[in-house]
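Heads up: numbering here begins at 1 and tracks the sequence. Note that these values count all heavy atoms, side chains included, but never hydrogens, waters or copies made by symmetry.
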Amino acid sequence: MKTSNHNSSIMDMFEKGKVLKICAPMVRYSKLAFRSLVRKYNCDICFTPMIVADDFMRSVKARDSEFTTNESDRPLIVQFAAHDAQTLADAACVVAPFSDGVDLNCGCPQRWAMSAGYGACLINKPELVKDMVRHVRNQVDNPNYTASIKIRIHKDLRQTVDMCQKAESAGVSWITVHGRTAEERHQPVNYDAIKTIKDSLSIPVIANGDIKYLRDVESTHQLTGVDGVMAARGLLANPAMFSGYEDTPLECIWDWVDMAIEQGTSFTCFHQHLIYMLERVSSQPEKKVFNSLYSTSAVIDYLQNTYGSVHDPVT
């Protein structure tokens, strides 16, 4: 893993006036091979999966398994779960030579994260969030390195605005807002809330939630005025979404086969990504057959026999 001599900052990308397209942090999924794939299809910035900063600092094994990158994997944001300012700053210093910024997860609604003091419970601890942002800003020795946060919203939006303004005063680079509360799962995204937060800050704001097609990027921008849009499930279903494809094109499926094999992706992960990608284009009987495949060679044979190939895939 080589350090990269990036003198430019992600903040310069915001100043160019276009709506940035961002791959969300996704546990198990937003790993190096998948990041390489979405970058080929117009994704501007990628996030790693959420990494627990305590474990990352405690174990070399955790560092090696949780964080892999390469020279073309940029711009890259490393997302951490943390509840202690110094641990977060220490983790940021470790990954800073290989990335463009760190993000503090203040949005994960899962019970294990909340009970451990991580994720969405941090939106109720604005002073702690301020402290964590400040520690990263003060201790990473690169003025272009960003410190961002990803949040969910409160039922009382005034609390969210207050928390975001406190983070801004501590030097947070930008804020990603998932437009749901920690209790909400599939309810409609609250675009008004995202717009209110955007209007109350002078730093960039990213909207997250229910981005399934390229047209959703523009409509979300129109509704909220945000500086960027982050997609999770939409990109899993169609990694070429940001290039304007309605469904995953065949070229993208074979690109995934090549990249996943090149990166040594586990079969489970390789297969699961393809299950997501083929979801909208497969019939029920086809899904049943594909989901039961158990080897890379069986998957490649199935893809060639069912869809044909755009080129000769790696075997």
Side-chain angles (χ1 to χ4, degrees), residues 1-16 18-53 55-57 62-82 88-105 107-108 133 136-137 139-150 172-176 204 206 208 227-232 235-236 239 241-242 255-256 259-260 262-265 269 273:
M1 195 161 63
K2 294 179 182 171
T3 61
S4 185
N5 185 22
H6 271 229
N7 293 320
S8 62
S9 166
I10 284 186
M11 301 314 289
D12 298 335
M13 296 172 72
F14 287 112
E15 284 168 20
K16 288 179 180 151
K18 68 169 187 165
V19 185
L20 295 184
K21 298 183 284 292
I22 300 171
C23 174
M26 291 179 275
V27 172
R28 292 187 301 282
Y29 295 125
S30 60
K31 296 198 165 183
L32 176 58
F34 187 71
R35 297 195 300 267
S36 305
L37 181 66
V38 295
R39 287 185 196 284
K40 186 177 175 186
Y41 291 93
N42 277 4
C43 185
D44 296 310
I45 299 170
C46 290
F47 276 57
T48 67
M50 180 182 80
I51 301 168
V52 176
D55 298 343
F56 188 76
M57 292 311 297
R63 287 198 286 282
D64 289 346
S65 67
E66 294 288 330
F67 182 62
T68 51
T69 186
N70 62 26
E71 285 180 339
S72 56
D73 186 29
R74 306 298 282 268
L76 180 66
I77 303 296
V78 183
Q79 192 191 61
F80 285 108
L88 177 63
D90 289 343
C93 289
V94 170
V95 299
F98 314 102
S99 59
D100 300 277
V102 290
D103 186 83
L104 173 63
N105 186 313
C108 179
V133 168
V136 172
R137 289 307 239 164
Q139 293 180 39
V140 173
D141 191 26
N142 173 359
N144 290 324
Y145 200 71
T146 62
S148 55
I149 60 175
K150 184 173 187 291
V172 81
S173 307
W174 81 82
I175 297 177
T176 301
I206 309 296
N208 175 221
D227 306 273
V229 166
M230 177 184 283
L235 277 176
L236 284 180
M241 174 182 77
F242 286 146
D255 282 339
W256 169 246
M259 289 172 181
E262 189 187 324
Q263 302 281 350
T265 303
C269 180
H273 273 291

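Taking every heavy atom of both residues into account, Phe242 and Lys21 meet most closely at CD2-CD, 3.5 Å. Contact detail for Arg28 and Pro49: the closest heavy-atom pair is N-CB, 4.2 Å.
Exactly one of Asn208, Thr176, Asp103 qualifies for a side chain to side chain donor-acceptor pair (under 3.5 Å) with Lys150. That residue is Asn208. Paired with Val136 under the rule side-chain contact (heavy atoms from CB on, under 4.5 Å), one option of Val172, Leu88, Thr146 passes, and it is Leu88. Just one residue in the list Thr48, Ile10, Val95 forms a side-chain contact (heavy atoms from CB on, under 4.5 Å) with Ile77, and that residue is Ile10.
Between the side chain of Arg35 and the backbone N or O of Arg74 there is no donor-acceptor pair closer than 3.5 Å. Using a distance-only test at 3.5 Å, with no hydrogens or angles considered, a donor-acceptor pair links the side chain of Ser9 to the main chain of Met11. Using modelled atom types, one side-chain atom of Asp100 and one backbone atom of Leu76 make a donor-acceptor pair closer than 3.5 Å. Put simply, the side chain of Asp44 never gets that close to the backbone of Ile22: no donor and acceptor are under 3.5 Å apart.
Side-chain atoms of Tyr145 and Ser99 form a donor-acceptor pair, as typed in the model, at a separation below 3.5 Å.
Evaluation of the side chain to side chain contact (heavy atoms under 4.5 Å, CB included) rule for Met259 yields Ser36, Leu37, Lys40 as partners, not counting sequence neighbours.
Below 30°, between 30° and 60°, or above 60°: for His273 and Phe34 the angle between ring planes is below 30°, a parallel geometry.
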